[in-house]
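Heads up, the thing below is written out as structure tokens.
Please read all numbers here as calculations on a predicted model, not as lab measurements.
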Amino acid sequence: MKLLKPIEFIIVLAITILFVYDYFPNIPLAGILPEGLLITFIFGLFLFSLLYKKYRERNNEDIFKWQVFSTIYILFLMGLFTILGGQSSSGISFNNGFL
């Protein structure tokens with residue numbers, strides 16, 4: 001798989017920070033970046049991707065690779081933060097029946 005494009009890297013970074021907030025809500029990082037700002041940023045990236053989707057040339061293989069990567073990355077973060085002693089405050093965990 002090729003390296004992440006800048007927009008994909010920003011999305012991965014924002015999701016990682018949100019997971020850190022969820023699993024470790026009392027760390028000092030929580031005072032630096034407000035959670036609402038990150039959520040607004042992700043929503044803005046989502047709107048940006050919808051507006052400029054017609055200008056991108058993407059095939060089904062690239063889309064599939066991104067979906068597999070993002071799913072594995074989220075599961076990796078969940079496992080890592082659980083091992084580090086974090087507990088999800090929103091219920092995103094391996095004990096959740098929906099997972």
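Evaluation of the side-chain hydrogen bond (donor to acceptor under 3.5 Å, both in side chains) rule for Ser70 yields no partner, not counting sequence neighbours. In this view, Leu80 and Phe76, Leu84 satisfy the side-chain contact (heavy atoms from CB on, under 4.5 Å) rule, not counting sequence neighbours. Considering only residues two or more places apart in sequence or on other chains, Glu61 meets the side-chain hydrogen bond (donor to acceptor under 3.5 Å, both in side chains) condition with Lys65. Not a single ring-ring contact (aromatic ring centres under 6.0 Å, His included) links Phe19 to another residue, sequence neighbours left out. For Thr16, the side-chain hydrogen bond (donor to acceptor under 3.5 Å, both in side chains) criterion is met by Tyr73, not counting sequence neighbours. Every side-chain contact (heavy atoms from CB on, under 4.5 Å) that Ser89 has, sequence neighbours left out, goes to Asp22.
Distance OG1/Thr71 to CG/Leu75: 7.0 Å, rounded to 0.5 Å. Rounded to the nearest 0.5 Å, atoms CZ (Phe81) and CD (Gln87) are 14.5 Å apart. The structure places CG of Leu77 at 12.5 Å from CD1 of Ile72, a figure rounded to the nearest 0.5 Å.
As a member of the Ile/Leu/Val/Met/Phe/Trp/Tyr network built from side-chain separations under 4.5 Å, Ile83 groups with nothing else and remains a singleton.
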